[in-house]
Amino acid sequence: MLMENVRRMSGKGGLVRTRKPRITVFHCFTALENTASLEGSDYEIQGIKMPCSSISREGFLLRAFEAGADAVVVLVCPVNSCRYVQGNIRTEKRVSRVKKILDEIGIGGRRLNMYNIVQGDEAAARRIIEQTVAELGEWGLSAAA
Amino acid sequence: MIVGEQKPLEEIKAKVDGYSKILILGCGTCVKTCFAGGEDEVAMLALALRLSLKMEGKSIRVEEQTVERQCEDEFIKEAAANIADVKAVVSLACGAGVQMVASRFPQVSLLPGVNTTFIGILEKAGLFTEKCLGCGNCVVDLFGGICPISRCAKKLFHGPCGGSSKGKCEVNADTDCAWQLIVDHAAATGQLDKLAEYVPPKDWRSSQAGGPRKVHREDHEI
């Protein structure tokens, strides 16, 4: 079971504490209108809606981890489909930089990922979340959350 | 602008080790422009420090503030209240800003978070290049607006060295040979004859070789 997989030690007397994994989803509203269709009972979704994915600056991505995210997913439009021309390219570079910082910190860059999705493809977005939840089952919850 | 690079996180972490509360003080002018020490970089460093220490089971309280310029008293006094509340300040200013804050607030430990690198320009998005050494006697008019002091690895005043190859410098093949650029510019503008004029050797007394320099403007003194 997923919940068993995401258990972690509290560090106090060997008590085991469990909670649902938290995923923060930064999404441009062209790629995905909202995160309502991504909700699930085994995990928590925090949606951050933006007019363009390039607004997800490095600090916002890191802050999501400080605020308790176990994984952060950034959903952007396909290459050459950004209404602001280069927004998704800028996002990719920012995500790449923050992944390195997460590796350096010890949280792990693998917990932050960007995906290109076709406008309104909720099924693709849902598959991405399911994949992320499955990966969190292997990795466990973030120690920084 | 003055171009700098933020120090590696590990180095800054080692500097703040032992402090329970610090202030990260950014500078909103040169180092902001080169993405080393502006408001965004202050926020990123604060987050990275907090998260990194949390991963090690430690905690630190990190305050954040960015002033317009750390090299001017008028601006750094805005940080006085926050500085009074901590024992250490990580300054993300250039070396001038760090020293200004250190002298203004001697009661705190001033920890530099940026390596000041050079005086340069934004050549294109994401690329900063050195253009000036601050030698104290600008003569770029003699060289078509190209400074052989800062842009030639050997600081030659009298034409390219034997190491110039296909327009590139022998010290770094990614760097244009400044003298190739000077000659090309002179040829393109019909001023090759100007390069035949005698230019006396560089007088380095106006540069750092004469020790710390001052610019005194009595007309601005009150």
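- Interface residue B:Met44: backbone and side-chain heavy atoms are both found under 4.5 Å from chain A.
- Counting heavy-atom pairs closer than 4.5 Å to chain A, the top-ranked of the candidates B:Ala43, B:Ala48, B:Pro8 is B:Ala48.
- In this structure, B:Leu9 CG and A:Ile101 CD1 are separated by 8.0 Å, a value rounded to the nearest 0.5 Å.
- Taken to the nearest 0.5 Å, the CZ atom of A:Arg57 stands 4.0 Å off from the CG atom of B:Asp40.
- Within 6.0 Å of NZ on A:Lys93 lie no more than 12 heavy atoms contributed by other residues, nucleotides or ligands.
- Around atom CD of B:Glu74, no more than 12 heavy atoms belonging to other residues, nucleotides or ligands sit under 6.0 Å away.
- The number of heavy-atom neighbours closer than 6.0 Å to CZ of A:Arg22, taken from other residues, nucleotides and ligands shown, is above 12.
- Atom NZ of A:Lys49 has more than 12 neighbouring heavy atoms from other residues, nucleotides or ligands inside a 6.0 Å radius.
- At a threshold of 4.5 Å between non-hydrogen side-chain atoms, the residues A:Ile107 and B:Met55 count as touching.
- Distance check: B:Leu47 CG to A:Arg63 CZ gives 4.5 Å after rounding to the nearest 0.5 Å.
- More than 12 heavy atoms of other residues, nucleotides or ligands sit less than 6.0 Å from atom CD of B:Gln180.
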